[in-house]
There are 2 protein chains.
Amino acid sequence: MSTAPPSLRERVAAAILEAAADALATHGEQASIADVAAAAGVARATVYRYFPNRQALLDALAGLAVRDAEARLREARLDDVAAPEALERAVRALVGVGNHLVVLERERVRPDAGQFDAAVAQPLRRLFERGQTDGDIRTDMSPVSLTESLVGLVMGILRSTPTLGVEGTTAVVTSLFLDGARTRGAAAHPG
Amino acid sequence: MSTAPPSLRERVAAAILEAAADALATHGEQASIADVAAAAGVARATVYRYFPNRQALLDALAGLAVRDAEARLREARLDDVAAPEALERAVRALVGVGNHLVVLERERVRPDAGQFDAAVAQPLRRLFERGQTDGDIRTDMSPVSLTESLVGLVMGILRSTPTLGVEGTTAVVTSLFLDGARTRGAAAHPG
DNA sequence: TATTCTCAAGACAGTTATGTCTCATTTTCT
DNA sequence: AGAAAATGAGACATAACTGTCTTGAGAATA
């Protein structure tokens with residue numbers, strides 16, 4: 001691995017990207033460069049020294065999120081285990097990407113679409129397809145719908161309940177998505 | 001009922017709000033007044049004749065969405081039926097609000113928060129609480145988490161798959177949320 | 001200590017969206 | 001048809017953000 005010394009420039013660039021992810025995930029698209037700079041604790045001009053313009057920063061952020069998501073999903077080895085276990089790993093990977101994923105998903109309408117699809121949606125669709133052929137996943141819903149549902153679920157929880165931590169969020173999302181909210185087996189109310 | 005003649009002003013105001021809902025749901029917060037005006041087929045100045053400033057338009061839109069959601073949830077009579085049936089009705093109500101709900105949910109971080117909570121989240125939480133005491137809904141997840149999950153699910157499907165229609169979307173969301181994506185009962189893959 | 005690099009702070013111009021206003025034209029209502 | 005109201009088009013000033021630049025200060029390196 002390239003665990004080279006984290007040079008100053010790299011550290012500042014990372015801080016700016018992190019602050020941008022937070023600001024964009026919280027305040028949405030209309031977060032200004034001044035907001036990002038303030039959140040990162042640097043001057044506005046410094047941001048422009050690292051990223052020539054706003055779009056470049058957004059692109060860098062999207063690229064980072066894509067690479068992070070790809071790496072986590074690759075390490076998850078979704079193809080090595082059955083669909084339910086793979087799903088839990090996938091959710092853990094997505095939750096681990098955190099705010100970067102929220103930003104990436106928010107910008108997936110923009111011109112640079114496809115990135116989100118290739119890095120996140122496609123592996124999920126493949127996972128659901130395999131789960132369906134193996135009999136682990138219900139077949140009355142398309143892999144596309146299942147993927148969108150899972151993404152919506154993750155995003156909703158990720159944006160509204162950031163206090164659960166990675167494992168807590170993963171457990172909630174996985175359990176709910178796989179088994180649903182209905183009580184299983186037990187008798188309903190004695191009507 | 002006050003089914004008065006739909007005066008001209010009311011019709012234009014409704015058209016502007018509808019266009020604003022579409023534009024804001026599609027292009028997010030950075031949709032300009034010019035975008036809204038173009039989408040509504042009116043001049044930019046006309047928008048300002050109906051809403052003194054951008055914030056007033058956003059407030060009107062949020063108020064409309066809140067009233068719409070409240071009315072639909074009230075008509076759904078969630079308290080009159082068991083939790084699973086009530087959940088389906090609630091989902092149908094939320095889906096029926098459509099893009100207005102997406103906009104309202106996106107702005108729930110803003111100063112005028114609470115509106116979304118009072119109109120949408122609170123009824124859902126009450127529904128889940130009742131479902132848990134009746135034994136219809138699993139109790140290892142809080143009503144708050146269940147509510148956030150359901151909202152995330154609805155929003156995700158609503159924004160990414162607008163072609164299913166109200167009934168299709170309702171069926172998908174309800175079934176998935178109640179019973180999950182896992183195959184029920186059938187044997188897993190023959191390993 | 002001297003040199004070099006980087007940063008913070010702020011001034012500056014260019015661009016874009018906002019909000020106001022006017023005026024000729026069109027639409028609505030009587 | 002005629003009066004009243006509303007609209008479209010566009011000019012206009014204002015505000016906010018963007019992107020560039022300069023200056024003085026601070027930290028790293030030799």
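Just so it is clear: chains get the letters A, B, ... in the order the sequence lines come, proteins before strands, and each one is counted from 1. All values below come from the heavy atoms of this structure, side chains included, with hydrogens, waters and symmetry mates left out. Computed from a predicted model, the values in this text were never measured in an experiment.
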ask   = Does the A/Asp35 side chain pair with the main chain of A/Ser32, one donor and one acceptor, at a distance under 3.5 Å?
value = yes
inquiry  = Less than 4.0 angstrom between a side-chain N/O of A/Thr46 and OP1 or OP2 of C/dA8, yes or no?
reply    = yes
ask   = What's the spacing between B/Leu101 CG and B/Arg72 CZ if we round to 0.5 Å?
value = 10.0 Å
request  = Respond yes when some side-chain nitrogen or oxygen of A/Tyr50 is under 4.0 Å from OP1 or OP2 of C/dT6, and no when none is.
outcome  = no
inquiry  = Could you tell me how far apart B/Arg11 (CZ) and C/dC29 (P) are, to the nearest whole angstrom?
reply    = 10 Å
inquiry  = Between the side chains of B/Glu167 and B/Arg92, is the shortest nitrogen-to-carboxylate-oxygen separation below 4.0 Å, so that they form an ion pair?
reply    = yes
ask   = When clusters are formed by joining ILVMFWY residues with side-chain heavy atoms under 4.5 Å apart, either directly or through shared neighbours, do B/Val144 and B/Leu153 land in the same one?
value = no
B/Glu70: partners by side-chain hydrogen bond (donor to acceptor under 3.5 Å, both in side chains), with sequence neighbours left out = none
task = Find the distance B/Phe51:CZ to C/dT18:C1' and express it as a whole number of Å.
result = 16 Å
ask   = What one-letter contact string describes nucleotides 9-28 of chain D from 5' to 3', where B marks a base within less than 4.0 Å of any protein heavy atom, S marks contact via sugar-phosphate atoms alone, and - marks no contact?
value = BBB------BBBB-------
request  = Could you tell me, to 10°, how much the axis swings from one end of the helix from C/dT1-D/dA30 to C/dT30-D/dA1 to the other, five pairs per end?
outcome  = 40°
Transitive ILVMFWY side-chain link B/Leu87 to B/Leu78, under 4.5 Å = no
ask   = Is the closest basic N to carboxylate O distance between A/Glu129 and A/Arg125 below 4.0 Å?
value = no
inquiry  = Whether A/Asp79 and A/Arg126 form a salt bridge (side-chain N of Lys/Arg under 4.0 Å from carboxylate O of Asp/Glu) is what I want to check.
reply    = yes
